[in-house]
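Single-structure report; data block below.
A, B, ... follow the sequence lines: proteins, then strands. Residue 1 opens every chain.
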Amino acid sequence: MGLLVVGLGNILLKDEGVGVHVVNSLRDRPLPEDVTLMDGATMGVDLLNDILESDRVIIVDSAQMDVSAGEYRTFGISEIEDGAHFPNYSLHDLTFAETIALGGIIATLPPIRIIGIQPESIEHGNELTGTLRKNFNEYVDHVHNTIMSFGKEETD
Amino acid sequence: MSKNIDIHVHHVTRVEGHGDVLLNVKDGRVEHVALNIVEAPRFFEGMLRGRAHYEVREIVSRICGICACGHALASVRASEAALGIEPSEQVVDLRKIVLAGENLSSHFLHIFFLVAPDLFGVKSVLPLATTHRDIVVRALKLKKLGNDVSDVIVGRHVHPITLDIKGFTVLPSVSALADVQKQIIEMIPEVVDTVDLIASVAGGIPDFTRETEYISLGPVSGSTEYPFYDGVIKSSEGITYYPAEYRKVTNEFIIPDSTAKHCKHLRDSYMVGALARFNNNSDLLHPEAKKAAEKLGMIAPVHNPYMITLAQLIETIHIMHDTVEIIDKIIRRGIKDEDYTYQPRAGTGSGAVEVPRGILFHHYTYDSKGRIEYADCVIPTTQNLENIDQDFRKLAPTILDKSEEEISLLLQMLVRAYDPCISCSTHQLNVRFK
């Protein structure tokens with residue numbers, strides 16, 4: 001129940017792990033009581049139970065969106081399902097997209113916001129690239145603002 | 001027959017590995033059929049050299065995202081054998097529960113998400129969710145149960161945190177164990193229903209037989225336990241070995257075109273995993289698991305590798321009942337604080353445990369400061385590869401009259417039956433016919 005915030009990604013592949021880093025940084029900030037932060041790592045179908053048990057979900061993930069490295073976008077799952085960029089929107093192969101698709105078939109998904117961050121490099125390495133490091137606080141602020149406003153306005 | 005066939009099935013890249021299925025037929029004769037493992041070597045054994053005893057189990061759990069607890073357990077068992085440490089009964093019981101959770105989670109994933117689509121004639125779990133929603137909902141609940149069982153003891157089901165040499169860094173509470181026991185008891189009827197369901201579609205399992213050697217843990221002398229955690233190495237050819245003698249069984253060798261080694265013992269190849277365990281130890285299964293075996297028509301020895309999935313299902317019933325009993329025992333005894341400190345020393349030791357895909361060996365040599373001098377890990381999929389190839393060689397010539405699509409499906413279903421560690425990708429195969 002409540003708002004689930006999941007950081008997805010592999011922290012051993014530079015910018016691929018940005019979602020996990022952002023969500024971990026939120027642990028230092030005061031958040032409403034119903035917010036749960038989760039390091040989703042590279043989990044796939046194991047995420048589904050947690051997603052279905054939540055009222056609202058925010059996913060933070062690196063995403064191949066064909067925009068400049070370091071830029072971020074917020075979108076809903078309807079954009080994934082209908083968008084021409086599917087299935088290349090996520091760097092986790094089809095795992096996350098399939099999980100969401102599966103969830104939509106077997107149950108009613110809660111409102112989900114996805115915050116995608118365009119990576120510069122997903123090579124081996126446990127640090128973000130300079131571009132993402134430079135913008136990092138902006139990502140954390142954006143996710144924080146989304147947490148505070150999500151559910152207070154009309155959602156998809 | 002002058003049929004020419006050229007099948008090359010590429011496995012889509014995912015974390016658990018890369019493997020290709022190849023079949024070349026010229027003028028109606030099979031020229032080449034194989035499962036090629038094309039994954040790059042990962043050099044874990046090399047990475048361990050020079051590492052301290054307390055780091056080892058944490059590094060090796062990263063070998064696999066599915067069998068992370070199994071690797072950690074084989075590791076602490078090998079370290080304990082090398083360092084002369086005997087874990088307490090409480091520790092052994094808790095470890096058995098950790099292993100149970102992992103085996104349940106992995107078996108359910110394989111049965112429902114990877115094999116059931118084949119049995120119900122759909123391409124993946126997504127269309128299955130549309131036609132058989134209840135099965136997929138049940139699958140998710142059961143998989144979560146397996147994860148929760150491991151979580152409660154070691155902090156999380158992937159890459160366990162608290163599992164350590166000699167003991168645990170944190171012990172679970174009795175109430176947490178009682179909660180998880182209640183969940184298991186509640187879910188048993190769902191698995192019994194699944195047995196009926198799978199029995200109703202088991203007629204669709206391909207009919208193929210090839211006798212082979214079956215290797216698994218066998219009960220230690222006097223034990224009546226279906227062994228996952230403790231035991232000797234047992235061959236269906238009537239030989240047993242101590243875990244320290246694992247190399248007499250594995251006899252690893254190298255073949256062209258594959259980055260993985262192959263293994264053989266007394267025959268051309270041998271099988272490990274749920275069906276090998278079932279064939280070697282079915283008399284030790286829980287009575288309820290024996291009932292399930294009867295419903296599924298499984299009488300040991302079963303020589304059809306496509307039936308591995310049924311053996312896994314039988315094992316899930318055994319594991320659930322067995323875990324309920326182990327938790328009962330722990331609750332009666334209470335959780336005791338124990339001294340888990342130890343002194344490193346020089347030594348050599350081996351550990352063998354039954355993970356979802358079969359018997360897993362770890363073997364270490366430590367120097368006097370407790371640093372790894374030498375490490376060797378032999379995983380189940382490596383041991384099964386030669387057996388899969390031998391199955392292919394017997395199966396392929398008998399199915400050449402079928403369409404390329406059917407041949408490809410039968411070969412892929414065979415690979416999937418073994419639940420190899422490339423299983424995460426097995427329903428996302430791209431098939432390319434030349």
Side-chain angles (χ1 to χ4, degrees), chain A residues 1 4 6-13 16-17 20 23-24 36-54 57 61-62 64 77 80-81 86-88 90-110 122-126, chain B residues 11-16 18 40 42 59 62 64-66 68 101-102 105-106 108-110 112-114 117 122-148 150-151 155-159 161 183 423-430:
Chain A
M1 294 320 234
L4 176 69
V6 187
L8 284 183
N10 183 339
I11 57 169
L12 303 178
L13 299 175
E16 225 276 334
V20 176
V23 167
N24 282 339
T36 304
L37 300 177
M38 179 192 268
D39 171 359
T42 53
M43 273 201 277
V45 78
D46 283 337
L47 280 173
L48 197 50
N49 284 304
D50 291 298
I51 288 175
L52 293 178
E53 282 167 12
S54 301
V57 178
D61 194 3
S62 60
Q64 180 57 50
I77 53 166
I80 293 190
E81 284 166 346
F86 181 76
N88 294 323
S90 163
L91 297 178
H92 299 289
D93 213 326
L94 281 180
T95 311
F96 174 66
E98 280 175 333
T99 299
I100 291 297
L102 187 60
I105 294 170
I106 63 165
T108 305
L109 287 166
I122 54 165
E123 289 170 358
H124 285 277
N126 52 12
Chain B
H11 287 263
V12 169
T13 309
R14 279 201 189 174
V15 217
E16 298 309 323
H18 317 155
R42 293 162 72 204
I59 294 171
R62 266 71 182 175
C64 185
I66 299 174
E102 186 167 85
S105 183
S106 177
F108 287 135
L109 178 77
H110 183 243
F112 287 107
F113 288 78
L114 303 178
V122 292
K123 283 203 178 325
S124 79
V125 73
L126 291 180
L128 187 67
T130 310
T131 55
H132 296 80
R133 181 181 171 276
D134 294 351
I135 298 177
V136 177
V137 170
R138 178 189 291 170
L140 286 167
K141 279 200 290 190
L142 287 169
K143 186 169 183 311
K144 184 173 188 303
L145 172 72
N147 293 350
D148 289 349
S150 298
D151 282 358
R156 60 183 179 194
H157 63 279
V158 183
H159 310 322
I161 301 166
Q183 284 182 49
S423 57
C424 286
S425 346
T426 45
H427 269 275
Q428 287 297 322
L429 299 171
N430 297 324

With a 4.5 angstrom heavy-atom cut-off, which part of A/Ile106 approaches chain B: side chain, backbone, both or neither?
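For A/Ile106, backbone and side chain are both near chain B.
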List the atom of A/Leu102, the atom of B/Val125, and the distance in Å for their closest heavy-atom pair.
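So the minimum-distance heavy-atom pair works out to CD1-O, 4.0 Å.
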Closest approach of B/Lys143 to A/Asp46 (non-hydrogen atoms, all atoms of both residues):
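The pair with the smallest heavy-atom distance is NZ-OD1, 2.7 Å.
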If you tally heavy-atom pairs under 4.5 Å against chain A, which of B/Leu128, B/Val137, B/Leu126 wins?
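Highest number of pairs under 4.5 Å: B/Leu126.
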